[in-house]
Trainee: 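What follows is a single structure, and I will ask about it in a moment.
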Protein chains: 2
Amino acid sequence: MSQDRLTTSSVTVDLTAVVIAVTNETPVTLVLKPGAGGRPALPAGPLQAEHGTLQAGLRSWVERQTGLRLGYVEQLYTFGDRPRPADDPSPGHDDRRLSIAYLALVPVAGVPVAGRAAWMPWYDCFPWEDERSGAGPWRDRLLAGLDGWAETAPDPLRAARRERARLTFGGDAGGWDVERALERYELLYEAGLAPEAWWDAGHAPPSDVLAGVGRPLAIDHRRILATAISRLRGKIKYRPVLFELLPETFTLLRLQRAAEAISGVRLHKQNFRRLVAQQGLVEDTGRVETDTGGRPAKLMRFRREVVSERPAPGVRVTATRRGGYP
Amino acid sequence: MSQDRLTTSSVTVDLTAVVIAVTNETPVTLVLKPGAGGRPALPAGPLQAEHGTLQAGLRSWVERQTGLRLGYVEQLYTFGDRPRPADDPSPGHDDRRLSIAYLALVPVAGVPVAGRAAWMPWYDCFPWEDERSGAGPWRDRLLAGLDGWAETAPDPLRAARRERARLTFGGDAGGWDVERALERYELLYEAGLAPEAWWDAGHAPPSDVLAGVGRPLAIDHRRILATAISRLRGKIKYRPVLFELLPETFTLLRLQRAAEAISGVRLHKQNFRRLVAQQGLVEDTGRVETDTGGRPAKLMRFRREVVSERPAPGVRVTATRRGGYP
DNA sequence: TTCTATATACTCTGCGTGAGCATAAGGGCC
DNA sequence: GGCCCTTATGCTCACGCAGAGTATATAGAA
């Protein structure tokens with residue numbers, strides 16, 4: 001096998017971070033602001049010899065670039081065969097670029113962000129993923145675009161494309177599956193409805209593509225963000241990670257709003273509270289928050305003990321049948 | 001940022017495959033047989049320049065080493081900071097070794113395996129993960145070992161260790177969570193009950209460690225296999241991946257036996273059939289299998305259409321309360 | 001005081017799921 | 001053929017959770 005080593009390609013491994021927080025019912029992610037005309041980028045940097053572990057390397061890069069110390073971190077996915085960054089002046093220098101992407105969650109309270117770093121609402125990139133005020137115009141527009149894409153294909157393929165669009169975007173009667181955020185982005189990319197698809201192929205996107213498909217990020221970072229959204233939306237259902245995004249104490253409504261912000265759909269208030277209560281996820285602090293605009297709300301605190309009591313504590317998210325606010 | 005590139009470490013990226021099949025109610029994984037005294041290894045090889053994609057590289061390595069063409073493949077996890085392989089004569093040659101691990105599923109029917117390759121029952125490595133004939137002696141033995149490990153710690157830590165053991169191995173009343181296979185292995189490793197923990201640290205394991213903790217694999221491959229088991233056990237619940245492991249037609253009992261083999265617990269026969277039926281996962285072929293030992297069983301076929309009908313078709317696995325065969 | 005907005009408690013109903021009983025239909029043995 | 005064993009398959013029952021809605025409590029504002 002030793003002769004195989006000789007053909008081993010030189011590899012650059014990037015560590016890329018999707019850092020998530022929730023402010024004012026808006027889920028945000030940490031980005032580095034671009035220069036003129038550029039695209040925002042996720043915090044990232046190459047794996048270095050002095051990094052003890054992959055996670056340590058990631059934390060170090062995020063801290064260096066944004067001044068933020070991470071708490072909860074988990075690995076997302078490893079991306080290979082990525083498009084070359086636009087500002088890379090040395091084509092062919094690296095045979096290959098890998099990116100190991102991580103998901104990090106931080107409570108929003110008092111997070112200073114340094115340098116070029118800023119918080120960006122993630123629905124800027126994926127406007128169709130926010131259905132909290134009912135299915136917006138995006139969905140129909142995208143479905144129309146996907147239909148046009150299907151039209152360009154010969155018959156057996158055409159039906160398959162239509163089917164796939166219906167499946168991921170939940171057409172007639174098909175429910176909206178919040179966890180399919182990544183599939184939806186990948187479909188749009190494949191259909192050429194995301195400008196990155198054109199840039200990555202070395203072309204300029206047709207002008208009509210750019211309307212209403214959300215904000216592109218640098219290189220493949222929008223895909224990485226979509227991966228993070230899908231993962232997080234799935235995970236809050238069976239692990240109490242939602243509390244990583246909240247301050248020490250919070251009201252039940254705030255907890256619900258965070259769950260809604262992440263999953264992009266409205267939840268049934270009473271049932272949400274019942275679920276949280278009977279799972280034993282929170283406990284009363286004895287204090288109340290008075291500036292609620294109505295009856296004061298009890299301030300709650302996460303019960304860390306649940307993880308040792310219940311097999312899969314989490315916040316079930318099932319959208320109310322009727323979209324929008326109740 | 002360009003000066004950072006200079007300190008970028010040289011990286012060797014391995015592609016490692018966990019190839020799973022089910023034969024005779026026994027889940028097996030593809031390994032390369034070791035030399036004298038060595039440990040079996042998963043098929044793996046370094047990422048090379050001529051590999052078009054990561055997956056293509058993986059498929060190529062598996063085919064070269066075992067003669068097997070893979071079907072279903074998905075990425076599992078990327079491992080960093082791995083122990084150095086015992087046969088690596090050049091310490092310090094590579095600054096770092098990464099391994100991108102993949103899960104592959106193949107139907108068992110007529111799979112030729114070439115060279116040093118062989119199928120190994122995965123419960124050889126994790127005997128405690130097979131609870132199909134009731135909780136075996138392993139569980140108690142391991143819990144005892146973990147208790148000893150907890151004893152060696154001072155008080156606040158000791159309670160935490162006991163708690164963790166109870167949580168992952170499901171002590172009193174705590175149910176056995178089949179998906180926690182990885183957590184269980186990691187706990188055993190950390191507690192020094194897996195010999196790899198000693199080898200990786202450069203020591204010889206104490207002699208009493210070796211009894212009944214399952215067969216070690218090369219480097220960190222047992223950890224990778226545990227990752228695959230956990231993933232697969234979770235995935236069959238909401239995606240119809242089980243059918244990747246079966247021949248084109250099969251009886252419902254065979255399907256159930258495959259699900260049981262993967263998850264390591266017995267299932268309730270009637271409810272299993274009801275679930276499969278009402279999910280529309282299978283359809284009748286019209287033929288029957290007569291050598292069942294009793295009433296002939298209908299031969300079924302996977303209905304590929306389900307993926308476009310139901311949001312999350314899969315095979316729910318909940319062990320029958322009473323262990324062992326009903 | 002009245003209105004409004006929020007918090008919180010409780011009810012009703014249907015479905016999924018765990019468990020078990022009953023019946024069907026083969027083969028082997030007397 | 002009758003009996004028994006084995007596996008396949010159909011059906012029922014009970015319980016708990018989840019979706020949806022109604023009702024009540026308690027604050028500030030007009």
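It should be emphasised that the depicted structure is a prediction, and the values quoted were computed from it without experimental measurement.
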Trainee: Could you go over nucleotides 27-30 of chain D and give all protein N or O partners under 3.5 Å, atom names and distances?
Mentor:
none

Trainee: Whole-Å distance between dA8(D) C1' and F250(B) CZ?
Mentor: 16 Å
Trainee: In whole angstrom, give the distance that lies between atom CD of E289(B) and atom P of dA25(C).
Mentor: 18 Å
Trainee: Pull out every protein N or O sitting under 3.5 Å from an N or O of nucleotides 9-15 of chain C, one pair per line with the distance.
Mentor:
none

Trainee: Report, as yes or no, whether the 6.0 Å neighbourhood of atom CG on N24(A) holds more than 12 heavy atoms from other residues, nucleotides or ligands.
Mentor: no
Trainee: Should K235(A) and E74(A) be marked as a salt bridge (Lys or Arg N to Asp or Glu O under 4.0 Å) after you check the CA-CA gap, both sets of side-chain angles, and the distance that decides it?
Mentor: CA-CA 11 Å; K235(A) 195 137 194 173; E74(A) 74 172 62; 2.9 Å; yes
Trainee: Atom CD of Q278(B) and atom P of dT9(D): how far apart are they, to the nearest Å?
Mentor: 17 Å
Trainee: What about the rings of F250(A) and F243(A), do their centers lie closer together than 6.0 Å?
Mentor: yes
Trainee: In whole Å, what is the span from the CG atom of L253(A) to the C1' atom of dT26(D)?
Mentor: 16 Å
Trainee: Mind calculating the distance between CZ (R287(B)) and P (dG26(C)) to the nearest angstrom?
Mentor: 17 Å
Trainee: How close or far is atom P of dT6(C) from atom CZ of R254(A), stated in whole angstroms?
Mentor: 16 Å
Trainee: List for me each residue that meets side-chain hydrogen bond (donor to acceptor under 3.5 Å, both in side chains) alongside R303(A), sequence neighbours excluded, and say none if there are none.
Mentor: E309(A)
Trainee: Please report the interatomic distance CD(Q75(A)) to OH(Y77(B)), rounded to the nearest 0.5 Å.
Mentor: 4.0 Å
Trainee: Are E131(B) and R139(B) ion-paired here, with the side-chain N under 4.0 Å from a carboxylate O?
Mentor: yes
Trainee: If you compare every side-chain N and O of K269(A) against the phosphate oxygens of dA7(C) (OP1, OP2), does one of them come in below 4.0 Å?
Mentor: yes
Trainee: Tell me whether the NZ or CZ atom of R184(A) lies within the 45° cone about the ring axis of W176(A) and under 6.0 Å from its centre.
Mentor: yes
Trainee: Can you check the L275(A) CG to dC17(D) P distance for me, whole Å?
Mentor: 10 Å
Trainee: What is the distance from atom CD1 of I224(B) to atom OH of Y185(B), rounded to the nearest 0.5 Å?
Mentor: 10.0 Å
Trainee: Which residue in the set K237(A), R231(A), R233(A) passes side chain to side chain donor-acceptor pair (under 3.5 Å) when paired with E179(A)?
Mentor: K237(A)
Trainee: How many whole angstroms separate atom CZ of F272(A) from atom P of dA7(C)?
Mentor: 12 Å
